[in-house]
Enquirer: 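Dropping the structure in here first, questions after.
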There are 2 protein chains.
Amino acid sequence: MASPTPPANAFTQHDHAHCADTTLHKAEAVAAEKGVRLTPVRKRALEILLEEHRAMGAYEVLDRLAADGFGNQPPVAYRALEFLVDNGLAHRVRRLNAFAACMRPGEEHAPVFLICRECGEVAEAGADEVRQALLGAADRLGFHVERATVEALGLCPKCYQEAAQ
Amino acid sequence: MASPTPPANAFTQHDHAHCADTTLHKAEAVAAEKGVRLTPVRKRALEILLEEHRAMGAYEVLDRLAADGFGNQPPVAYRALEFLVDNGLAHRVRRLNAFAACMRPGEEHAPVFLICRECGEVAEAGADEVRQALLGAADRLGFHVERATVEALGLCPKCYQEAAQ
DNA sequence: CACGGATATGTTACCTTATCACATTTCTGC
DNA sequence: GCAGAAATGTGATAAGGTAACATATCCGTG
């Protein structure tokens with residue numbers, strides 16, 4: 001049903017259940033190694049992001065958490081999501097005011113998001129050259145980059161083809 | 001007091017009044033060429049962004065517009081700002097939920113923002129390599145980019161030096 | 001084990017950012 | 001001058017996000 005684990009994302013078909021499971025385990029390993037606590041709420045928040053396999057708003061995550069017996073106030077979701085982002089287990093997609101599970105926790109990478117404006121699909125692309133180019137440009141101005149946001153809005157392969165017809 | 005008009009931005013000193021004036025004229029030319037109307041509110045909104053020469057929240061711009069006799073409801077600011085962004089006369093800085101005048105209206109470019117987390121300064125850097133790298137990465141996945149957001153958070157030269165001491 | 005500080009969670013209240021809907025005005029081409 | 005389109009004014013409200021403080025849990029140390 002799916003490729004073994006290619007770029008682990010993109011607009012390719014794959015077994016969500018499988019990649020979610022794998023990623024969750026990687027995340028647990030990362031947390032253990034960093035000595036941070038992947039507590040129940042945090043873990044559940046990550047699971048939710050992984051299950052849905054899409055960018056979700058904080059309030060949407062909150063609803064799911066509340067349904068699972070956790071608190072139902074905004075800070076519950078925001079704190080869990082902030083933890084995940086700070087520890088590289090999830091990313092914030094600013095253009096969508098949303099959050100998405102990181103597909104390669106632990107691996108150093110610049111998250112690059114490709115957002116389809118038609119179907120809403122969000123893909124996390126690996127793009128080290130983008131990171132390098134950004135660091136280079138910043139360096140030329142003497143700017144010291146700590147975090148970067150790179151997001152592209154456009155059409156995914158499928159929607160692009162459909163639009164061309 | 002300032003360099004003639006270097007990269008027109010960055011963390012270098014320059015004559016704001018001069019570059020604001022120049023940029024406003026360029027913006028008017030761009031609007032004329034595109035056949036879109038740089039109406040009073042829109043022009044004033046752009047002037048405000050240029051005068052302040054920094055990223056401003058929509059409500060902040062709204063206050064200034066209202067003080068100048070325009071409407072005082074959110075849509076007034078959002079519509080003017082949306083127009084400016086759509087026509088390449090301003091950019092949206094998502095990390096700050098803010099807007100900044102474009103320093104090179106008319107010139108095709110990927111806006112890259114360098115945001116100092118210490119002093120809040122925002123610089124618009126020219127970085128075609130970043131744009132190219134992003135387009136390349138997207139292309140490999142068959143994604144068709146229409147708009148890109150590239151923002152880096154970190155320390156500007158000045159704050160970096162101060163922090164190092 | 002117990003106790004004390006650090007960490008995490010629950011909850012209330014509130015602020016900021018952004019959009020919808022609809023009436024009114026202004027512009028533009030004919 | 002008039003009809004349709006574009007732009008603006010305004011009220012209401014949705015959506016996103018944070019501050020502050022009380023309570024509970026974890027964890028190292030004596």
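Each chain gets a letter, A, B and so on, in the order its sequence line appears, and its residues count up from 1.
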Enquirer: Would you indicate what B:Y59 reaches in the nucleic acid, counting non-hydrogen atoms under 4.0 angstrom: base, sugar-phosphate, or nothing?
Expert: base
Enquirer: List in chain and number order the residues that pass ring pair (Phe, Tyr, Trp, His ring centres under 6.0 Å) with B:F99, two or more places apart in sequence or in another chain; answer none if no residue qualifies.
Expert: none
Enquirer: Just jot down the side-chain contact (heavy atoms from CB on, under 4.5 Å) partners of B:Q73, sequence neighbours excluded, or say none.
Expert: B:P75
Enquirer: Does the distance from a Lys or Arg side-chain N to an Asp or Glu carboxylate O, for B:R64 and B:E52, drop under 4.0 Å?
Expert: yes
Enquirer: Enumerate the residues from residues 90-101 of chain B whose closest heavy atom to DNA chain C is under 4.0 Å, giving them by residue number; use none for an empty result.
Expert: B:R92, B:N97
Enquirer: Supply the atom-to-atom distance B:L24 CG to B:E28 CD, rounded to the nearest 0.5 angstrom.
Expert: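 B:L24 CG to B:E28 CD: 4.5 Å, rounded to 0.5 Å.
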Enquirer: Listing request: all side chain to side chain donor-acceptor pair (under 3.5 Å) pairs with a residue in residues 88-102 of chain B, at least two apart in sequence or in separate chains.
Expert: A:T149-B:R95, B:H91-B:H109, B:H91-B:E124
Enquirer: In residues 37-47 of chain B, which residues come under 4.0 Å of DNA chain D by heavy atom?
Expert: B:R37, B:T39, B:V41, B:R42
Enquirer: Any salt bridge linking A:D21 with A:K26? Criterion: basic side-chain nitrogen under 4.0 Å from a carboxylate oxygen.
Expert: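 Looking at A:K26 together with A:D21, the answer is no, because their closest N to O distance does not fall below 4.0 Å.
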Enquirer: Can you name the nearest heavy-atom pair linking B:A55 to B:L96, along with the distance?
Expert: CB-CD1, 4.1 Å
Enquirer: Output the rounded distance in Å from CZ (B:F83) to P (C:dT19).
Expert: 18 Å
Enquirer: How far apart are the closest heavy atoms of A:V41 and A:V76, and which atoms are they?
Expert: CG1-CG1, 4.1 Å
Enquirer: If we only count heavy atoms from C-beta on, is the A:M103 to A:L50 side-chain gap below 4.5 Å?
Expert: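 Counting from C-beta outward, A:M103 and A:L50 do come under 4.5 Å.
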Enquirer: For DNA chain D, determine which residues of residues 60-81 of chain B have any heavy atom closer than 4.0 angstrom to one of its atoms, and list them numerically.
Expert: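 Here the set is B:G71, B:Q73, B:P75, B:V76, B:R79.
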Enquirer: Under a 3.5 Å distance rule, please check whether A:N87 uses its side chain to pair with a backbone N or O of A:F83 as donor and acceptor.
Expert: yes
